[in-house]
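One structure below.
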There are 2 protein chains.
Amino acid sequence: MDGHTRRIPDATVARLPEYLRILVDLVDQRIPTVASERLAELAGVNAAKVRKDLSYLGTYGTRGVGYDVDYLLFQMRQALGVTQDWPVIVVGAGNLGRALANYAGFGERGFPLAGVVDADDTKVGTEVGPVRVRPMSDLKELVAEHRPVIGIIATPGAVAQQVADELVAAGVTAILNFAPALVTVPPSISLRKVDLALELQILSFYQSQREPRRDSA
Amino acid sequence: MDGHTRRIPDATVARLPEYLRILVDLVDQRIPTVASERLAELAGVNAAKVRKDLSYLGTYGTRGVGYDVDYLLFQMRQALGVTQDWPVIVVGAGNLGRALANYAGFGERGFPLAGVVDADDTKVGTEVGPVRVRPMSDLKELVAEHRPVIGIIATPGAVAQQVADELVAAGVTAILNFAPALVTVPPSISLRKVDLALELQILSFYQSQREPRRDSA
DNA sequence: CGTGGCTTGTGACTTTGTGCACAAGGTCGA
DNA sequence: TCGACCTTGTGCACAAAGTCACAAGCCACG
């Protein structure tokens, strides 16, 4: 570390996990070294951008050679804070919540499922993926047991804010919101949003631009 | 309108669906008029940004009053190209694919499920939400029947590119990729990516910045 | 019909992100 | 040991996005 680690720009942060995924692949393929040019190709971006991004990590490659894959992977994990697992708690055992809980991809990438909770008593106790749904009242205990933990909101939009408040109260410091609603949290809490319908609408926009749809006959 | 509708910036496009959702809420609440200030509050952004965003639509509000909610909603739908439904076809009937197919939220927001296909014969024929899984070979027919349609890739990363190629060959012009892999398509095709683990890693980064985790004892 | 108050639309500026081009610095072969 | 060849790291110029502040315009009320 160089003492005065520069603040990493948001745009760069958003790309780091992509590099991480690629590096894991490269390690699997026993590739010892990678140049920014190749990395850029794999990530679908510009090589200069890759170099600049990596330079923020204070990670130094070797001129004339490239980056040592193992070392870069180590640095990347360090930077992203994924040297240890981050358990996740899913709130809401509806379609989306159950889907996320079942989605094995999380666990494989360092985000094991710590539990699923739901406010609906008829859902409590039912099996969902590897766990049983627990009541909202268990939230605090669940968080305490696994902290630090990431909370995932998979409820209808109408209750998203309330759920977020409860997550924060229970000690969750990072939240991923899948509900189509604005959620606000104290500044010390990290929050991101994913809205699937929203993505489809963006696609719809760009597609309409290209080829306006006729009224169906 | 100014004849030469300005190109809408990407950043603005990404916010339009958010406004759309809010406007639908406002209509439900029988609120006839909304000011940029209020809209900004509901969307969690700056009021000036709202006004600038809306100005790209050529939609004019009324000074001293605000925007007519019904009219703005109409304009917004027009701009986003969501005046008619966009059917979606899910490729991959694994956990994620089944989850997405079951997720009612899509249909409610104008993206009804047209079908689910999978390359695995043992999955073909099984029920998934409202439909039965069909073989990949049915893709072309399915697309032809529903075009224009959005393709959703919910397969493992390793086959994502191949699936994308098949979707394009079948006539799909917009693709939402959930697989953790880089996918490239011809420039006439719209493509967006959603990677759930990636979002979690970004959260992890910001959280680690605030409060570095200790090694567990 | 005129005036006051409110809200839009936008020009000017700041901040953030991108891409080029090249010097700096390392490797490797002879 | 030296030089040719690569690839990094970064200064700089440009593009995109965000913010501020205010003139222009509209409504309502007297």
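Predicted, not measured: the structure shown is a model, and the values here were computed from it. Residue numbers start from 1 in every chain, and the chains themselves are labelled A, B, ... in the order their sequence lines are given, proteins ahead of strands. All values below were derived from every heavy atom in this structure, side-chain atoms included, with hydrogens, water molecules and symmetry-related copies excluded.
- The CG-P distance, from B:Asp53 to D:dT19, rounds to 11 Å in whole Å.
- Comparing A:Thr62 and A:Ala11 along DNA chain C, the residue whose closest nucleotide (by nearest heavy atom) sits nearer the 5' end is A:Ala11.
- Distance CD (A:Gln75) to C1' (D:dT8): 15 Å, rounded to an integer number of Å.
- Distance, B:Arg7 CZ to D:dA15 P: 14 Å, rounded to whole Å.
- Side-chain contact check for A:Trp86 versus B:Gln201: every heavy-atom pair is 4.5 Å or farther apart.
- Summarising the geometry, the separation between OH on A:Tyr67 and P on C:dG26 is reported as 14 Å, rounded to the nearest angstrom.
- Going from atom CG of B:Leu54 over to atom C1' of C:dT10 covers 14 Å, rounded to whole Å.
- On a pure distance criterion of 3.5 Å, no polar donor-acceptor pair joins the side chain of B:Arg63 and the base of C:dT7.
- In this structure, CZ of A:Arg51 is placed 14 Å from P of D:dG11, rounded to the nearest angstrom.
- Heavy atoms of other residues, nucleotides or ligands lying less than 6.0 angstrom from CD of A:Glu37 number 12 at most.
- A:Thr173 and B:Arg210 share no side-chain donor-acceptor pair at under 3.5 Å.
- Less than 4.0 Å separates DNA chain C from at least one heavy atom of each of the following residues of residues 14-36 of chain B: B:Ala35, B:Ser36.
- Computed from coordinates, the A:Glu37 CD to D:dC6 C1' distance equals 12 Å when rounded to whole Å.
- Put simply, the side chain of B:Leu196 does not reach to within 4.5 Å of the side chain of B:Leu200, judged on heavy atoms.
- A 4.5 Å side-chain heavy-atom check between A:Leu42 and A:Leu26 finds at least one atom pair inside the cut-off.
- At the phosphate of D:dA24, neither OP1 nor OP2 sits under 4.0 Å from any side-chain N or O atom of B:Tyr60.
- Atom NZ of B:Lys52 is separated from atom C1' of D:dC22 by 13 Å (rounded to the nearest Å).
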Item to check | From CA spacing to verdict: side chain to side chain contact (heavy atoms under 4.5 Å, CB included), B:Leu39, B:Leu54 | outcome: CA-CA 11 Å; B:Leu39 208 43; B:Leu54 296 185; 4.0 Å; yes
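- Each of A:Ala48 and A:Val65 was assigned the nucleotide of DNA chain D with the nearest heavy atom; the assignment lying further toward the 5' end belongs to A:Val65.
- You'll find the side chain of B:Leu23 stays beyond 4.5 Å of the side chain of B:Val27, heavy atoms only.
- Within the structure, a side-chain polar atom (N or O) of B:Asn46 is placed less than 4.0 Å from OP1 or OP2 of D:dC20.
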